[in-house]
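Here's the structure we're looking at; comments come further down.
Just so it is clear, the model here is predicted, and its values are computed rather than measured.
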Amino acid sequence: MIKDLVNILTPAYNGEKFISRLLDSVLSQTYPYISMIIINDGSTDKTKEIVEQYIPKFKKKNFNLIIYDQINGGLSNAINNGLKIVDGEFLVWPDIDDWYASPNAIEKLVNALKSHDDDVAVARCAYNRINENKMNLIRVDYPCMGNEPKNIFEEAVKGSQHFWLEPGGWMIKTKFLDEFIPHREIYQSRLTGQNTQILWPYLFYKKCISVEEPLFSYLIRKNSHSRAFFSNLELKIKQQDEIYDTFKTVLKSIKGLDENKAKSLLINRKINLLKQKYHYLRLAGKWKEMHECYNQIHDLNKGHSINKKMRIKNIISYIPIIRDLLLKKKKRH
């Protein structure tokens, strides 16, 4: 481990439209000890060529920029390969379309961690939500934690209000990496990211400190009911199950976490994922599976009523003429 060094680990797949913005934001950083690792996940566009053009720019600022090529294996696979070459004292892992909103973003996150002993091993900041179409600010999301270190593991698992796992706004101390993530291998899935797998073990064992400033920007991609959206519905339906499998696997891997406690923490998350799956099943016109999903939600919601809007949609879905008209209307829009 190289003292003071910050590794910036970013998987890249066909990111030619975004990657220059991220690289430029890294070059603007005031923190002097930065080594960036780009894992090129089998890109078929000009991602690799763009990164290579930045190597001398990084060198001129005494930063390091490395690009590793791999056959396309997905984001979590790229993260696993990247984790094995991480050698700095601190680690951040922004997505390819994220970027740092402040030149002192890295410096402030490092200082937040350095100002506390090893009881605190995670830092996070507020972030800007940016609209992809107009590139305008939607809002700033704040951690709402105050400036004192806190245990936020349960909030992370429950997905409580003011908690998010957008990748660019977190930093960890790497001295615990091999202990918390054995063999530096996170659970792999092509349909889920890397944040849960990295952060939940850290947040179980260690406290988190918050920097109440928007230090990075997070791009909100358009998600309209277009033909492209409907063509990906099968993938979105499958993704909800894979996300839950990821949650279960990560919790099972955390030593010292009671099994019954883990199941209890996951109930709300499972209900929310089932609601999302229900939404996609309805849009896809998969009525039988949708009704089965509704019954699962109902069974898990013991003591809590399902909201009126969802109950009405479920009743309407049993009436073929109405449900088919609604489905056609949604696809037109």
Side-chain angles (χ1 to χ4, degrees), residues 1-13 19 22-23 25-41 47-48 51-52 54-70 73-96 98 100 104-118 120-125 167-188 193-195 197-203 205-206 208-209 215-216 253:
M1 181 181 73
I2 301 173
K3 191 177 185 306
D4 295 326
L5 183 67
V6 173
N7 285 130
I8 301 175
L9 173 59
T10 298
Y13 176 73
I19 197 161
L22 172 61
L23 293 170
S25 75
V26 173
L27 277 173
S28 75
Q29 293 302 301
T30 57
Y31 189 75
Y33 310 112
I34 289 177
S35 178
M36 189 168 188
I37 302 165
I38 303 287
I39 306 296
N40 180 33
D41 188 27
T47 296
K48 182 177 180 180
V51 174
E52 288 175 337
Y54 273 83
I55 291 175
K57 297 179 183 179
F58 270 64
K59 189 175 181 180
K60 187 175 180 180
K61 195 169 178 180
N62 291 321
F63 288 175
N64 195 27
L65 176 60
I66 310 166
I67 183 166
Y68 288 89
D69 294 313
Q70 67 171 44
L75 190 149
S76 54
N77 175 259
I79 286 290
N80 278 340
N81 288 331
L83 286 176
K84 292 175 178 61
I85 53 177
V86 163
D87 58 357
E89 186 176 358
F90 306 100
L91 173 65
V92 292
W93 55 97
D95 280 343
I96 196 171
D98 291 342
Y100 291 100
N104 54 14
I106 296 295
E107 185 175 358
K108 287 191 174 184
L109 288 168
V110 169
N111 288 341
L113 286 176
K114 281 192 169 186
S115 63
H116 296 86
D117 60 25
D118 283 343
V120 178
V122 185
R124 68 171 179 170
C125 65
W170 298 87
M171 178 179 283
I172 58 173
K173 293 178 179 177
T174 62
K175 67 189 300 181
F176 304 106
L177 193 58
D178 293 303
E179 178 184 354
F180 297 165
I181 305 175
H183 313 296
R184 301 196 180 190
E185 287 276 339
I186 65 170
Y187 177 75
Q188 291 192 44
Q194 74 278 36
N195 304 318
Q197 300 96 305
I198 294 174
L199 284 169
W200 282 11
Y202 262 84
L203 295 175
Y205 296 111
K206 298 293 180 179
C208 176
I209 184 69
L215 300 180
F216 93 106
S253 72

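- Between atom CG of residue Leu215 and atom CD of residue Glu107 there is a gap of 11.0 Å, rounded to the nearest 0.5 Å.
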Next item on the list: Apply the test side chain to side chain contact (heavy atoms under 4.5 Å, CB included) to residues Ile8 and Val26: give CA-CA distance (whole Å), side-chain angles for both, the deciding distance (0.1 Å), then the verdict.
Entry: CA-CA 9 Å; Ile8 301 175; Val26 173; 3.8 Å; yes
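- Within the 4.5 Å cutoff, the side chain of Phe58 has heavy atoms near those of the Leu27 side chain.
- Here Ile37 contributes atom CD1 and Ile85 contributes atom CD1; the two are 4.5 Å apart, rounded to the nearest 0.5 Å.
- Side chain of Thr10 to main chain of Ile96: no donor-acceptor pair is present (N/O by atom type, distance under 3.5 Å, no hydrogens or angles).
- Residues Asp4 and Tyr31 form a side-chain contact, since some pair of their non-hydrogen atoms from C-beta on lies under 4.5 Å apart.
- Counting heavy atoms from C-beta outward, Met171 and Ile106 have side chains that approach closer than 4.5 Å.
- With contacts defined as side-chain heavy-atom distances shorter than 4.5 Å, the pair His183/Lys84 does not qualify.
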Margin query: Let's go through Trp170 and Asn195 carefully: what are the C-alpha distance in whole Å and the side-chain angles of both, what is the deciding distance for side chain to side chain contact (heavy atoms under 4.5 Å, CB included) to 0.1 Å, and is it a yes or a no?
Written below: CA-CA 9 Å; Trp170 298 87; Asn195 304 318; 5.8 Å; no
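- Here Lys206 does not pair with Asp118 in a salt bridge; the nearest charged N to carboxylate O distance is not below 4.0 Å.
- Aromatic ring pairs are classed by plane angle as parallel below 30°, tilted from 30° to 60° and perpendicular above 60°; the pair Phe180 and Tyr205 is parallel.
- In terms of modelled atom types and a separation under 3.5 Å, the side chain of Lys173 and the main chain of Val120 share a donor-acceptor contact.
- You'll find the side chain of Leu109 stays beyond 4.5 Å of the side chain of Val6, heavy atoms only.
- In this structure, the side chain of Lys61 engages the main chain of Gln29 through a donor-acceptor pair within 3.5 Å.
- The CD1 atom of Ile172 sits 4.0 Å away from atom OH of Tyr202, with the distance rounded to the nearest 0.5 Å.
- Here the options are Asp87, Leu91, Thr174, the test is side chain to side chain contact (heavy atoms under 4.5 Å, CB included), and the partner is Leu5; only Asp87 passes.
- Asn77 contributes no side-chain N or O that, together with a main-chain N or O of Gly74, makes up a donor-acceptor pair within less than 3.5 Å.
- A distance-only check finds a donor-acceptor pair linking the side chain of Asp41 to the backbone of Gly73 [under 3.5 Å].
- Remark: Leu199 CG to Ile181 CD1 distance equals 8.5 Å, nearest 0.5 Å.
- To the nearest 0.5 Å, the span separating CG on Asn7 from CD on Glu89 amounts to 11.0 Å.
- Considering only heavy atoms from C-beta on, Ile186 comes within 4.5 Å of Leu83 through its side chain.
- Pro94 places a side-chain heavy atom less than 4.5 Å from the side chain of Tyr100.
- Considering CD1 of Ile39 and OH of Tyr68, their distance stands at 7.5 Å, rounded to 0.5 Å.
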Item checked: Test side chain to side chain contact (heavy atoms under 4.5 Å, CB included) applied to Cys125 and Phe216, step by step -> CA-CA 8 Å; Cys125 65; Phe216 93 106; 4.0 Å; yes
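- Within the 4.5 Å cutoff, no side-chain heavy atoms of Trp93 are placed close to those of Val86.
- Of all heavy-atom pairs between Gly82 and Leu9, the closest is CA-CD1, 3.7 Å.
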Checklist line | Audit row: Leu177, Met1, side chain to side chain contact (heavy atoms under 4.5 Å, CB included) steps and yes/no | finding: CA-CA 11 Å; Leu177 193 58; Met1 181 181 73; over 6 Å; no
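- Applying the 6.0 Å contact sphere to NZ of Lys59 captures no more than 12 heavy atoms from other residues, nucleotides or ligands.
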